[in-house]
Amino acid sequence: MKITVIGATGGTGRLVVDQALARGYEVRAFVRNPQTLPNHPHLSVIQGDLADTAALAGAIAGSDALLCCLGVHEKKNVTVMQRHLPHIIQAMQQSGVERLILLSAYGVGASMASANCLAKLAYNTIVKDVYADKAQAEKQLPASGLQWTKIYPVILTDQPLSAKTETRLLKNTRKVNGFSKVPRANVAKVMLDSIQDKNTCLETIVLAASGAIIDSAIKY
């Protein structure tokens with residue numbers, strides 16, 4: 001398996017890289033600052049700018065999938081995904097790589113409807129700009145021609161991989177209780193597991209603590 005990771009130096013992206021290497025994957029990391037990544041025989045670090053579509057397409061070419069783990073720290077006037085996702089889509093189209101695993105967040109777009117009242121308040125205030133940026137950018141996916149999967153985790157922690165998490169497709173999620181939390185390590189695992197899972201193509205996966213998701217569907 002050959003994958004390209006964008007956002008590889010972030011909290012979740014670094015775990016995606018580490019777990020992919022542990023699985024024996026060939027990993028390419030397209031980053032602005034290559035100095036924070038380890039030396040590994042199966043890791044190729046490519047320094048570049050996401051606005052350079054040609055360079056990005058060259059980095060992606062030959063990959064089985066691209067995993068995008070871009071995130072932001074600021075909360076106001078955020079346009080990170082609206083600026084960069086078009087370049088990522090274009091580069092994938094140019095390189096012929098169709099599989100995209102996109103890290104987003106629970107509460108973005110239509111997923112907010114299944115959140116509880118307090119969570120909705122937070123999504124509409126504290127992270128309003130971040131979530132609006134993600135939602136607007138993700139509107140480009142249906143017409144992209146890509147085989148995408150969106151990963152919507154709840155609040156992230158830096159705890160080790162946990163067995164006390166669960167996933168549902170968003171279309172099978174009726175409600176997510178409370179302010180559930182999941183480790184970034186589990187998010188990385190779900191992203192990697194999704195690459196070859198055809199049931200997740202053109203779908204959104206909700207990831208939360210065990211028992212937090214209420215629905216009447218069977219786990220995929």
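Given the structure is predicted, the values throughout are model-derived calculations rather than measurements.
Taking hydrophobic clusters as Ile, Leu, Val, Met, Phe, Trp and Tyr residues chained together by side-chain heavy-atom distances below 4.5 Å, Ile205 does not share a cluster with Leu15. The hydrophobic cluster containing Leu103 also contains Val5, counting ILVMFWY residues as joined when their side-chain heavy atoms lie under 4.5 angstrom apart, directly or transitively. Linking Ile, Leu, Val, Met, Phe, Trp and Tyr residues whenever their side-chain heavy atoms come within less than 4.5 Å places Ile151 and Met1 in a single cluster. No continuous path of hydrophobic side-chain contacts links Ile155 to Tyr152 [ILVMFWY only; heavy atoms under 4.5 Å]. A continuous path of Ile, Leu, Val, Met, Phe, Trp and Tyr side chains, each step under 4.5 Å between heavy atoms, connects Leu170 with Leu207, placing both in one hydrophobic cluster.
Judged by distance alone, the side chains of Glu138 and Ser104 do bring a donor and an acceptor atom under 3.5 Å apart. Side chains of Arg99 and Thr149: a donor on one and an acceptor on the other come within 3.5 Å.
For the pair Glu166 and Arg168, the salt-bridge criterion is met [side-chain N within less than 4.0 Å of a carboxylate O].
Formation of a donor-acceptor pair under 3.5 Å by the Asn124 side chain with backbone atoms of Lys120 is found in this model. Under a 3.5 Å cut-off, the side chain of Arg174 and the backbone N or O of Ile213 do not form any donor-acceptor pair. Ser180 places a side-chain N or O within 3.5 Å of a backbone atom of Ala209 that can act as its donor or acceptor partner. No donor-acceptor distance shorter than 3.5 angstrom exists from the side chain of Asp64 to the backbone of Ile3, with no hydrogens or angles considered.
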(request) Report the C-alpha separation of Thr4 and Val97 in whole Å, then their side-chain angles, then the decisive distance to 0.1 Å, and conclude whether the side-chain contact (heavy atoms from CB on, under 4.5 Å) test is met. (result) CA-CA 10 Å; Thr4 299; Val97 176; over 6 Å; no

(request) Begin with the C-alpha distance, continue with both residues' side-chain angles, and end with the deciding distance and a verdict on side-chain hydrogen bond (donor to acceptor under 3.5 Å, both in side chains) for Thr12 and Arg184. (result) CA-CA 5 Å; Thr12 305; Arg184 293 178 185 275; 3.0 Å; yes

(request) Could you please spell out the steps behind the side-chain contact (heavy atoms from CB on, under 4.5 Å) verdict for Ser144 and Ile89? (result) CA-CA 7 Å; Ser144 67; Ile89 291 173; 3.8 Å; yes

(request) In sequence, state the C-alpha distance, the side-chain angles, and the governing distance for Leu66 and Ile6, and then conclude on side-chain contact (heavy atoms from CB on, under 4.5 Å). (result) CA-CA 8 Å; Leu66 182 146; Ile6 293 175; 3.7 Å; yes

(request) Check the pair Asn186, Ser162 against side-chain hydrogen bond (donor to acceptor under 3.5 Å, both in side chains), reporting the backbone distance first and the verdict last. (result) CA-CA 7 Å; Asn186 286 81; Ser162 171; 5.0 Å; no

(request) Show the numbers, then the answer: is there a side-chain contact (heavy atoms from CB on, under 4.5 Å) between Val108 and Val130? (result) CA-CA 9 Å; Val108 170; Val130 175; over 6 Å; no

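You'll find the side chain of Leu100 reaches within 4.5 Å of the side chain of Met92, heavy atoms only. In this structure, the side chains of Pro153 and Thr165 stay at 4.5 Å or more apart for every pair of heavy atoms. Here the side chains of Pro38 and Leu43 are in contact, with some heavy-atom distance below 4.5 Å. Contact check for His42 versus Arg28: no side-chain heavy atoms found under the 4.5 Å cut-off. Asp133 places a side-chain heavy atom less than 4.5 Å from the side chain of Val80.
Counting non-hydrogen atoms of neighbouring residues, nucleotides and ligands closer than 6.0 angstrom, the NZ atom of Lys164 reaches no more than 12 such neighbours.
Heavy atoms only, all atoms of each residue included: Phe179 and Ala122 are closest at CE2-CB, 4.2 Å. Listed here is the closest heavy atom pair of Ala185 and Gln19: O-NE2, 2.9 Å. Residue Pro86 comes nearest to Gln140 through the heavy atom pair CG-OE1, 3.2 Å, listed as atom of the first residue, atom of the second, then distance. Val45 and Val31 get closest at one heavy-atom pair: CG1-CG2, 3.8 Å. Residues Val154 and Ala208 share a closest heavy-atom pair of CG2-CA, 3.8 Å. Contact detail for Arg32 and Gln47: the closest heavy-atom pair is O-NE2, 2.9 Å.
Applying the side-chain hydrogen bond (donor to acceptor under 3.5 Å, both in side chains) criterion to Ser114, with sequence neighbours excluded, gives Tyr106. Looking at residues two or more places apart in sequence or on another chain, you find a salt bridge (Lys or Arg N to Asp or Glu O under 4.0 Å) between Glu203 and Lys171.
One distance of note links SG of Cys69 with CD1 of Ile101; it measures 10.0 Å at 0.5 Å rounding. We find the CG-CG distance between Leu56 and Asp49 to be 9.5 Å, quoted to the nearest 0.5 Å. Distance check, rounded to the nearest 0.5 Å: CD1 of Ile88 to CG of Leu102 gives 7.5 Å. Note that the CG atom of Leu67 and the CE atom of Met191 stand 4.5 Å from one another [nearest 0.5 Å]. Considering CG of Leu169 and OG1 of Thr167, their distance stands at 7.5 Å, rounded to 0.5 Å. To the nearest 0.5 Å, atoms CG (Leu70) and CZ (Arg83) are separated by 10.0 Å.
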